[in-house]
Amino acid sequence: MRNPFELDYDSVDGDSEPPTDFEGREDHVHQHQEQLQQRHLNLNFRPKQEDDGDRALLQEDEEQDDMKRRFIGTIDQGTTSTRFIIFDCTGVPIAKYQTEFRQIHEHPGWHEQDPYELVESVYICIEEAMKSFLALGYEISDIEAIGITSQRETALVWDWETGEPLHNAITWTDTRTVNLVRELKAKPGADDLKNICGLPLSTYPSSVTLRWMLDHLPDVRSAYDDGRAAFGTVDSWLIYNLNGGPQNKRLVTDVTNASRTMFMNLETLQYDDRLLKFFDIDKTKLRLPDILPSSDPEGFGKVAEGPLEGVPITSCLGDQASALVGHCAFSPGMAKNTYGTGCFLLYNVGDKPVISKHGLLGTVGFQLGRDRKPVYALEGSVAVAGSGVSFLMNNLGFFRDSRKVSDLAASVPDNGGCIFVTAFSGLFAPYWIDDAQGTIWGITAHTQKGHIARATMEAACFQTKAILDAMAMDSGKALTELAVDGGMSNSDICMQTQADIIQIPVERPSMHETTALGAAIAAGFAIDIWKDFSELKNMNRANRASFAPAMSVKASGKMYKKWSKAVEMSRGWAENEEEEDDDE
Ligand SMILES: Nc1ncnc2c1ncn2[C@@H]1O[C@H](COP(=O)(O)OP(=O)(O)O)[C@@H](O)[C@H]1O
Ligand SMILES: O=P(O)(O)OC[C@H](O)CO
């Protein structure tokens with residue numbers, strides 16, 4: 001393993017936002033100190049004749065103060081960036097560090113990441129956030145557990161004996177497998193897969209990527225033939241390394257991440273031989289991670305080195321599942337939409353899986369302990385959301401900071417007739433159009449950058465509307481409000497547009513790190529900081545921003561109609577190259 005601190009971050013591509021320390025931390029600590037003093041005052045001057053109501057309130061205050069002195073650290077490893085955030089047990093972030101890493105696009109449609117850089121980014125964030133935490137007067141031993149949440153589906157293969165990656169990580173947005181998917185769809189049994197694992201065949205799940213690796217990468221193939229190849233998603237890779245890599249060889253994942261591989265049976269929560277056989281994977285040759293619940297006191301091991309050495313890792317969730325927990329969407333019918341690199345709407349369907357008939361995914365929402373039932377979700381996945389904004393910045397040079405997209409969008413009153421079908425990875429839910437590519441419709445001599453900026457953000461909003469319509473058909477119920485989070489949800493203009501397009505209010509929590517908070521909550525369940533969902537009823541509820549629909553139903557319907565037309569016109573652009581060659 002290279003030295004985790006060697007990476008030259010000046011050469012890293014991506015958004016130009018600097019790594020951020022948590023702003024407002026001092027305010028919070030000041031407030032925390034004042035509350036402590038207040039508590040002592042309360043105790044010193046407690047009236048002799050207090051009634052039951054006073055006593056209950058006092059007890060509640062004391063419990064809250066106790067929770068403010070207990071801490072959980074969360075690694076949030078997203079597609080674009082990595083964060084480490086330390087939360088107190090009232091859900092307030094006390095220290096944070098965030099950094100980016102390289103996105104490698106060697107060929108059109110290819111998207112890889114360096115496995116070492118992913119691990120390095122985690123160590124850097126831990127190191128820096130810990131400096132801030134300790135500077136506030138806290139101690140390492142105050143951190144009781146670590147939670148991990150990460151981008152899903154991104155596939156890695158490494159040598160289980162040496163810990164050496166056998167290739168870069170191939171991310172969930174990569175479309176090199178488009179022809180392979182066509183072939184697989186024609187195979188007997190293809191239509192049954194979704195009923196077992198909840199996912200449709202596409203370039204998205206890890207199974208298809210792994211098949212491509214085995215067929216095209218000789219190093220991966222020979223390690224597989226020798227029984228040395230370990231396969232995992234990013235969570236498994238990070239946990240393997242945090243536990244000391246080849247010294248401990250801990251190879252685990254959780255139910256939410258495993259549900260994205262297309263190898264796991266949604267009912268049994270174990271690998272299904274029919275799925276492995278379909279992808280021609282021999283499980284006696286490949287080392288697959290053990291599947292654990294999302295909260296587990298021991299299964300994910302502990303940190304082997306660095307400032308957090310010895311601290312147990314007690315939760316692991318895919319980032320979208322984690323955001324569902326972070327929104328405390330614990331009951332059936334609750335939902336959230338996260339606008340990060342992509343955009344993912346998860347709807348809690350309770351303790352039985354639902355297989356969608358309208359283009360959505362059946363997936364695991366969370367399982368907060370071995371003794372607790374899994375909770376399932378219906379998911380609508382949109383491949384491009386914040387990455388559309390990053391594209392305007394990095395590829396087209398529209399601005400130098402993704403936060404500026406809102407100013408650019410506000411420079412024009414509407415999209416000026418432009419519709420941007422941001423199909424950089426084809427179109428995901430609910431359309432599943434593999435052969436669409438990014439297309440801007442309606443350009444005239446009148447078109448300004450501001451129109452394109454609006455059209456980019458609107459694309460995620462229109463796809464969210466299509467997903468909500470599909471969800472209403474699958475579940476028989478329509479959502480009455482939409483809880484949101486993720487980088488692009490910081491744009492007020494985007495969230496207002498979202499409310500206008502879906503014609504229901506959009507609610508954004510004041511603390512935006514909902515994904516990381518979810519992993520902290522799951523980690524806390526494993527060590528009994530919380531035992532019941534009711535204890536979390538006030539978590540991150542105060543000071544929410546609410547965006548009410550401000551556009552007429554007619555105008556909104558007209559915009560959506562244009563979008564739907566543009567989607568239909570985008571079909572078929574990326575034709576099968578082999579067929580094209582044959583035609584010639
Ligand atoms: N203020 C903003 N307005 C619009 N887009 C933003 C803003 N801040 C960040 N983004 C976009 O959000 C994405 C990052 O969001 P984040 O939730 O950190 O994603 P991930 O978890 O996938 O790494 C980037 O693609 C960036 O372009
Ligand atoms: O990086 P994000 O936050 O867009 O999430 C990526 C998803 O997990 C991919 O399925």
Side-chain angles (χ1 to χ4, degrees), residues 13-17 19-20 75-83 85 96 98-101 103 111 113 118 121 125 149-155 171-174 199 202-206 209 233-235 256-257 259-262 317-324 326 336-346 361 363 379-395 398-410 422 424-425 428-429 453-454 456-457 460-461 484-495 497-498 508 512-516 518-519:
D13 291 337
D15 291 1
S16 62
E17 290 145 27
T20 43
I75 296 163
D76 177 359
Q77 201 303 298
T79 311
T80 316
S81 72
T82 302
R83 301 154 163 87
I85 306 180
K96 163 178 164 177
Q98 179 173 358
T99 192
E100 292 180 352
F101 45 86
Q103 308 293 335
H111 184 185
Q113 293 164 350
L118 294 178
S121 71
C125 290
T149 174
S150 48
Q151 53 176 315
R152 307 166 302 167
E153 298 98 11
T154 296
T171 75
W172 58 275
T173 63
D174 192 293
L199 310 181
S202 73
T203 57
Y204 185 28
S206 335
T209 313
T233 38
V234 173
D235 54 310
T256 65
N257 281 295
S259 73
R260 317 299 297 186
T261 58
M262 224 173 163
L317 300 92
D319 54 5
Q320 303 310 323
S322 193
L324 191 68
K336 68 88 210 179
N337 201 20
T338 303
Y339 304 72
T341 303
C343 174
F344 303 88
L345 204 159
L346 267 69
L361 311 179
T363 195
E379 173 175 325
S381 328
V382 175
V384 174
S387 56
V389 173
S390 301
F391 168 79
L392 299 184
M393 180 173 68
N394 298 329
N395 301 39
F398 276 18
F399 35 78
R400 291 171 58 83
D401 178 331
S402 50
R403 283 171 286 200
K404 296 286 177 210
V405 68
S406 297
D407 296 344
L408 191 56
T422 49
F424 302 166
S425 303
F428 284 12
R454 274 189 184 261
T456 305
M457 294 196 285
C461 301
V484 300
D485 68 301
M488 200 170 84
S489 78
N490 289 314
S491 165
D492 286 358
I493 201 163
C494 179
M495 292 302 101
T497 306
Q498 184 66 88
R508 185 179 65 198
H512 298 184
E513 300 290 2
T514 321
T515 301

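Both ligands and their constituent atoms are indexed starting at 1 by order of listing.
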I'd like to know if the side chain of [X] reaches the main chain of [Y], judged simply by a donor and an acceptor atom lying under 3.5 Å from each other, with no hydrogens or angles considered.
{"X": "Thr256", "Y": "Leu317", "answer": "no"}
{"X": "Arg83", "Y": "Gln98", "answer": "no"}
{"X": "Gln113", "Y": "Thr79", "answer": "yes"}
{"X": "Asn490", "Y": "Gly487", "answer": "yes"}

Run the numbers for me: atoms of ligand 1, each under 4.0 Å from some heavy atom of [X], listed by number.
{"X": "Arg403", "result": "1 (N), 2 (C)"}
{"X": "Met488", "result": "4 (C), 5 (N), 6 (C), 10 (N), 12 (O)"}
{"X": "Gly487", "result": "2 (C), 6 (C), 7 (C), 8 (N), 9 (C), 10 (N), 12 (O), 15 (O), 16 (P), 17 (O)"}
{"X": "Val405", "result": "3 (N), 4 (C)"}
{"X": "Gly78", "result": "21 (O), 23 (O)"}
{"X": "Ser390", "result": "24 (C), 25 (O), 26 (C), 27 (O)"}
{"X": "Ser387", "result": "25 (O)"}
{"X": "Gly486", "result": "17 (O)"}

Less than 4.0 Å is my threshold; does some heavy atom of Gly342 fall inside it relative to ligand 2? yes
Pair [X]-[Y], side-chain donor/acceptor within less than 3.5 Å:
{"X": "Glu100", "Y": "Ser81", "result": "no"}
{"X": "Ser206", "Y": "Arg260", "result": "no"}
{"X": "Ser425", "Y": "Thr173", "result": "no"}
{"X": "Thr515", "Y": "Ser322", "result": "no"}

Would you tell me which option among [options] has the nearest heavy-atom contact to [atom]?
{"atom": "atom 7 (C) of ligand 2", "options": "Phe344, Tyr204, Phe428", "value": "Phe344"}
{"atom": "atom 11 (C) of ligand 1", "options": "Ala409, Ala516, Gly386, Ala460", "value": "Gly386"}
{"atom": "atom 3 (O) of ligand 2", "options": "Asp319, Thr80, Asp76", "value": "Asp319"}

Consider ring pair (Phe, Tyr, Trp, His ring centres under 6.0 Å). Of Phe399, Phe424, Phe398, which one does Phe391 pass it with? Phe424
Checking side chain to side chain donor-acceptor pair (under 3.5 Å) for the pair Thr338/Asp485: CA distance, chi angles, key distance, verdict? CA-CA 5 Å; Thr338 303; Asp485 68 301; 2.7 Å; yes
Side chain, backbone, both or neither: the part of Arg83 lying under 4.0 Å from ligand 1 by heavy atom: side chain
Check whether any N or O atom of [X], backbone or side chain, sits under 3.5 Å from an N or O atom of ligand 2, and answer yes or no.
{"X": "Trp172", "value": "no"}
{"X": "Arg260", "value": "no"}
{"X": "Gln151", "value": "no"}

Do Phe344 and Thr363 have side chains that get closer than 4.5 Å, going by heavy atoms? no
Would you mind reporting whether Cys494 and Ser406 have side-chain heavy atoms less than 4.5 Å apart? no
Contact check, Ser406 vs ligand 1, heavy-atom distance below 4.0 Å: no
Sub-4.0 Å atoms of ligand 2 with respect to non-hydrogen atoms of Glu153: 9 (C), 10 (O)
Thr79: numbered ligand 2 atoms lying under 4.0 Å from its heavy atoms: 1 (O), 2 (P), 6 (C)
Does any N or O atom in Tyr339 lie less than 3.5 angstrom from one in ligand 1, N or O only? no
What part of Thr341 sits under 4.0 Å from ligand 2 if we count only heavy atoms: the side chain, the backbone, both or neither? both
Classify the ring geometry between Tyr204 and Phe428 as parallel (under 30°), tilted (30 to 60°) or perpendicular (over 60°). tilted
